[in-house]
2 protein chains.
Amino acid sequence: MTQMRVLNNYISVDCVIFGFDFDKLNVLVVERTLTNDDGVVDFSDLTLTGNHIFEEETIVEAADRILFDLTGLADIYLEQFKTFASPDRLKKENDRKWLLHDGRDPDKRIVSIGFFALLATQKVTLEWKGRNIKWLPVDEVKSLAFDHNLILEEALKALRSKLLHEPIGFELLPDKFTLSQLQKVYEIILDTTFDKRNFRKKVARMKYLIPLNEKQQGVAHKPAQLYLFSREVYEKTRKEILNFLV
Amino acid sequence: MTQMRVLNNYISVDCVIFGFDFDKLNVLVVERTLTNDDGVVDFSDLTLTGNHIFEEETIVEAADRILFDLTGLADIYLEQFKTFASPDRLKKENDRKWLLHDGRDPDKRIVSIGFFALLATQKVTLEWKGRNIKWLPVDEVKSLAFDHNLILEEALKALRSKLLHEPIGFELLPDKFTLSQLQKVYEIILDTTFDKRNFRKKVARMKYLIPLNEKQQGVAHKPAQLYLFSREVYEKTRKEILNFLV
DNA sequence: TTATAAAGTGTAATAAAGACACTAAGGTTT
DNA sequence: AAACCTTAGTGTCTTTATTACACTTTATAA
């Protein structure tokens, strides 16, 4: 990239990066610490991962860049879900201080385009570039900076809806995964439980979940068969689902 | 509204206003004509309905305002579906001319937040305020200004997906509608056909479609029973649908 | 060797989907 | 007034999907 001028001060991209660890859903957060001129910490809290957009950069490129900067990963599932533009979205006291410190006018409205990303937590090495980031279980998230609680909530809604209607569950798992792991993804995100046999009957009809000649290793119980998602098979066999809702 | 300053030059709202006329899906378009200083028409084409955002105005308020300005209607179904921000989205020759004529820098990127609206075409009196607008059947839309063909396409995708998963079909009909009209909404938008009896079996399970003690009038055939959508019943009886896809 | 932990499997009952054709009730035409 | 046209409205059977439910298998750990 030759020129790196920021697009303008009014538009940014926020990424809600979801990570699943076989047990719960986490979100990647960044520590925001404002230090006064005399070196004293004014406040410290947590934000979602957001950034400006460069001139000549598309918003998807910007979101990919944020993702790569934080995790070192490319080709992560990423989806634009909503844009946030309320006039008072960055008007809390700490947010105004932060923007001012950052050389931005806290009275100007900033529009943020929200993306969510899906990955398996263990793919990320958190020490990447020494950024102060961490995984936070979604149901332990307290007060976030800016309007990021709202953004997270909307991201969760979008994720749940997408999970119900399109095959994206495995995006939260390693490339090779077991059916129990997949079931857990659905159970945690939709906050429910499924009967194991019925779940597997359903999965058996998803021809794009390909069983491998390979099993789990090193587990203290009967090792499970590993599966793979085939986008090719999915594209070929997907029927436009006309069983609309009741 | 006391002050009407425009938020900034970089952000706008585009509304894809869908109207159904019992027969086909239409979209509201505005004629864009650029007249030179010597009164000669340079070009004339069609755009979707978009506008700037005022300071202190939320984007939903801006979208509502656009809708009201064009149709004279309030309380119309409206949904944010996607934001468009490609660096070259307004870079076609005519678009550059138009922006220049409008006093805007054609080299600046403008981010547009896309909404779609649903209504029954006959609700709109097109002569409202003498604006040069018209209904265009969606499948007769040719080349539109800016990136509006893309925006329309994405709006259609969002509409189809929403229609499959949430009860919004009646938003395209008068308050009181017949089951055949509702069936037609699904058939036209999803580009398919349904068996009448099976469709009605399905509808019978949707308790939020309330049959009225009222029939169609003045039709040259057996008059149909009229139905009403009850949001109240819907909210009460909706089950979170866990029958996820195959 | 025994304990533990999760994997993997079948059947019967109920509900929904899908295929399919005729009668009813208005207005219009002759 | 009769015939006609158009859309409304209805039932059954077959196939497929959902739901409820419990035991055996296979690996590691103790």
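Each chain gets a letter, A, B and so on, in the order the sequences are listed, and its residues count up from 1. Predicted, not measured: the structure shown is a model, and the values here were computed from it.
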| Near-ring test A/F115/A/F81, centroid separation under 6.0 angstrom | no
N or O in side chain of [X] less than 4.0 angstrom from [N] OP1/OP2:
X      : N      : result
A/K202 : D/dT18 : yes
B/S180 : D/dT7  : no
A/R200 : D/dT19 : no

Can you tell me how far [atom2] of [N] sits from [atom1] of [X], to the nearest Å?
X      : N      : atom1 : atom2 : answer
B/N198 : D/dT10 : CG    : P     : 14 Å
B/F199 : C/dA16 : CZ    : C1'   : 16 Å
A/Q216 : C/dA7  : CD    : C1'   : 9 Å
A/L179 : C/dA7  : CG    : P     : 9 Å
B/K184 : D/dA8  : NZ    : P     : 11 Å
A/R205 : D/dT19 : CZ    : C1'   : 12 Å
B/R197 : C/dC22 : CZ    : C1'   : 8 Å
B/D23  : D/dT7  : CG    : C1'   : 14 Å

| Taking atom types as modelled, is there a side-chain donor on A/R200 or A/S180 under 3.5 Å from an acceptor on the other? | yes
| Side-chain donor-acceptor pair present, B/Y234, B/E232, cut-off under 3.5 Å | no
| message | So, under a plain 3.5 Å distance rule, would you say the side chain of A/K215 forms a donor-acceptor pair with the base of D/dA27? | response | no
| Side-chain donor/acceptor contact of A/K201 with base of C/dT9 under 3.5 Å | no
| By a strict heavy-atom criterion of less than 4.0 Å, which residues belonging to residues 220-230 of chain B are in contact with DNA chain C? |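 Heavy-atom contacts with DNA chain C come from B/A220, B/H221, B/K222, B/P223.
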| field | 5'-most by nearest nucleotide on DNA chain D - B/D195 or B/Q181 | value |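 Its nearest nucleotide lies further toward 5', so the answer is B/Q181.
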| said: Given the ring of A/F146, does A/R32 sit roughly above its face, with NZ or CZ under 6.0 Å from the centre of the six-membered ring and within 45° of the axis? | reply: yes
| query | Quick one: bend of the helix from C/dT1-D/dA30 to C/dT30-D/dA1 from 5 pairs per end, to 10°? | reply |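 Answer rounded to 10°: the end axes differ by 10°.
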| request: Would you indicate whether the side-chain heavy atoms of A/F20 and A/N26 approach each other to under 4.5 Å? | output: no
| said: Is the shortest side-chain heavy-atom distance between B/Q122 and B/F22 below 4.5 Å? | reply: yes
| query | Could you state the interatomic distance from CG (B/L78) to CD1 (B/I59), rounded to the nearest 0.5 Å? | reply |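 Spacing of CG (B/L78) from CD1 (B/I59) equals 10.0 Å.
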| field | Check ion pair A/D14-A/R89 (N to O, under 4.0 angstrom) | value | yes
| request: Could you tell me whether B/R160 and B/E166 make a salt bridge, using a distance below 4.0 angstrom between a side-chain N and a carboxylate O? | output: no
